[in-house]
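Reading through the structure tokens given below for one structure.
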There are 2 protein chains.
Amino acid sequence: MNNQQDGGPLTLRDVAAAAGVSLATADRVVNGRPGVSEKTASKVNEAVQRLGFRPLAAAAELARARSWRFGVVLPRGSNRFMLDIADHIRAQADWFRARRIAVEIIETDVFDADRLAAELAGLPGRFDGVAVVALDHPRIRVAIDDLVDAGVAVVTLVSDSPSSRRRHYVGIDNIAAGRTAGSLVGRFLGRPRGDDPGGSIGIVTGSGSLRDHAERRFGFGQVMTEEYPHLTRLVPVEGRDDPERNRALVRRMIADTPDLVAIYNTGEGSVGIGEALAEAGLARRILCVGHELTPATRRMLLDGTFAALVAQDPGHEVRSMARVLHALVSGQEIIAAQEHIRVEVILRDNLP
Amino acid sequence: MNNQQDGGPLTLRDVAAAAGVSLATADRVVNGRPGVSEKTASKVNEAVQRLGFRPLAAAAELARARSWRFGVVLPRGSNRFMLDIADHIRAQADWFRARRIAVEIIETDVFDADRLAAELAGLPGRFDGVAVVALDHPRIRVAIDDLVDAGVAVVTLVSDSPSSRRRHYVGIDNIAAGRTAGSLVGRFLGRPRGDDPGGSIGIVTGSGSLRDHAERRFGFGQVMTEEYPHLTRLVPVEGRDDPERNRALVRRMIADTPDLVAIYNTGEGSVGIGEALAEAGLARRILCVGHELTPATRRMLLDGTFAALVAQDPGHEVRSMARVLHALVSGQEIIAAQEHIRVEVILRDNLP
DNA sequence: CTGTTAGCGCCTTCAC
DNA sequence: GTGAAGGCGCTAACAG
């Protein structure tokens, strides 16, 4: 790491001197601004290379003296996970302030494409950067592309709109998340032995049309088909992430499925599943795997109702969103490796 | 988040004006420096509260114009995981440079307490902050405390010395990591059914005296005893994290243990275990759980030799170390929640 | 196309 | 105990 012959830290001024140009010219080259001849530019670049110059971020930030407005579009009301996202944004207030970033959380009906599209249409001019919990819907794609065309830096958050021209997606690979859930269920149930008939697996999902849930079901199904063909998957039931609905659905599932051995919930509202099982005296006897760490799922992990959770860290996601938007608006590079959001597996024993 | 009535961003100058003092005095109060009377201080503090002032990090950093020297003491030669740590430190070079931090990696024989203690004794004066992969040994405790007394900010990395006065430990809870491994092994093997005799579990460990490995064995044993008493744990064998030794040990283990059903490796060198199993035609038939994601363990996860890994993210650890040391030397607060290093579970399906 | 110059917001001598 | 003034390294007007 001893990569600089310390004769006092290297500044742009040193580079300018070494290249025989003025500070301003060196600055133009380093920041890729126009108005410099080919040869002067290469002289400066050569000096940058030779001296190993890197601009001091703090000084650049101070001198730029620009402030930014970011908007974060989240589903209104909503579930614990989204509330956590909002809380983490507020918890980052100092980070934002220290970078002259004003953040506004905009709550809207994300599940209604028209409403969401209309909301997005009103954003240019109000914000320099926008993070949105998106829908994979043609109207949303257009709305996002319009935002991008209006010069707004756009990233999707948690739920992607991959066909849009958003600059970045902050969230997990939901197919991988579903596969992970599938492997956990399959392995936890164990290999069939002797005359073991396998059994049925119930699938509770939020809605058939949400991309993230669909991807999870898809990944789950992949693993089940490939690796655990002796297990039967029931037709997914839709509880719209609502504990009450989930409870009713699971009650019926229990009644209708004598060989039920496991339940996979692709979304929120896991607590309803736990309640239905407890009522039937089946808690801990039927294997449950769900998503996201919340007070409710934490409790059910600790009491054994749920065996494992597949999760994404909302804190990481918010910090990543902040870094990425800031990098995008201020023209810095984003370090992909650092911004990868992991699919986490949480058992009772590695609860954070 | 609309917490500032924007009339242009708030600066220390505004606070000084509001409190009726000079910039310098306001600065002294805000940074808790001496030489201000009680009443002036409270006037300033009141203004800070009322206006909701937060200093702009970039300006502070620039004005401080101080540079720091950090040293990171790592085990010499060493395994893939430690090499990854070193690589991540080099990959953070820009981050460090942008904060005027010069980092030096110091390789030493961490496993020899005297050698390590001597190395640490030579550090004061050379560094403002030191991160060390420590040993839980009285001599190391003293060496760390001496460093702290010499005014050096010290954090332990990956392996702790909890009785020392190090300011922070950057690493995972190894008991939790061992428990997690235990739950994975227990659940993957499945509940005993009918006349199922359970089986034996081999334990491969680095050395009996390393604290992290001992803690992992302890956590693993806790879960086994509590939850899976039908499984027999063999006496741990010590392979010093060396693939060759591990291979020989596992060969013998296979020969001596007809009912071997699983192997848990608390440390490195998992590849030797995989090789021994492959030779015996037992790969994928004996359940393996190990630690840390490396090219070798990744391969064995993909081919099914290992069912799961319990891991810590070296990238997170290096970034956390950097943030914490920087915060310590520059007198900033550290956000505990953000610095918690997670015990990760990696399956084939959620490989990053 | 290139150079000069005045700050960005805070910290740190140095006087008072 | 308090204040005035210069500068940290870079950027962005403005001249030339």
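A, B, ... follow the sequence lines: proteins, then strands. Residue 1 opens every chain. Remember, it's a predicted structure, so these values are computed and weren't measured experimentally.
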Partner of A:V72 under side-chain contact (heavy atoms from CB on, under 4.5 Å), picked from A:V318, A:I106, A:L157, A:V130, is A:L157
Side chains of B:I105 and B:I89, heavy atoms from C-beta outward: is any pair under 4.5 Å? yes
Is the shortest distance from a Lys or Arg side-chain nitrogen in B:D27 or B:R33 to a carboxylate oxygen in the other one below 4.0 Å? yes
Without decimals, in angstroms, what is the distance between B:R64 CZ and C:dT12 C1'? 11 Å
List in numerical order all residues of residues 19-29 of chain A for which some heavy atom is under 4.0 Å away from an atom belonging to DNA chain C. A:V21, A:S22, A:A24, A:T25, A:R28
Under a 4.0 Å N-O cut-off, is there an ion pair linking B:R165 with B:D149? yes
For A:R166, is there an ion pair with A:D145 - N to carboxylate O distance below 4.0 angstrom? no
Do NZ/NE/NH1/NH2 and the carboxylate oxygens of B:D136 and B:R141 come within less than 4.0 Å? no
Can you sort out which residues in residues 34-46 of chain A have a heavy atom within less than 4.0 Å of DNA chain C? Ascending by number, please. A:G35, A:V36, A:S37, A:T40
Phosphate OP1/OP2 of C:dC11: any B:N31 side-chain N/O under 4.0 Å: yes
Figure out the CZ/P separation between B:R100 and D:dC8, and round it to whole Å. 10 Å
Quick one: does A:L120's side chain get under 4.5 Å of A:V132's, heavy atoms only? yes
For DNA chain C, whose closest nucleotide is more 5', that of B:L62 or that of B:R33? B:L62
Can you tell me the distance, in whole Å, between the CZ atom of B:R13 and the C1' atom of C:dC10? 9 Å
Between A:H316 and B:H316, does the ring centre distance come in under 6.0 Å? yes
Could B:R323 and B:E339 be called an ion pair, given the rule that one side-chain N must be under 4.0 Å from one carboxylate O? yes
State plainly whether the residues B:E61 and B:R100 are in salt-bridge range, i.e. N to O under 4.0 Å. no
Overall bend of the helix from C:dC1-D:dG16 to C:dC16-D:dG1 (five pairs an end, 10° steps) is 40°
Are any of the side-chain heavy atoms of B:P162 and B:Y169 separated by less than 4.5 Å? no
Which nucleotide in the set D:dC10, D:dC8, C:dC8 lies at the smallest distance from any side-chain heavy atom of A:L56? D:dC10
Tell me: CD of A:E61 to C1' of D:dG9, nearest whole Å? 13 Å
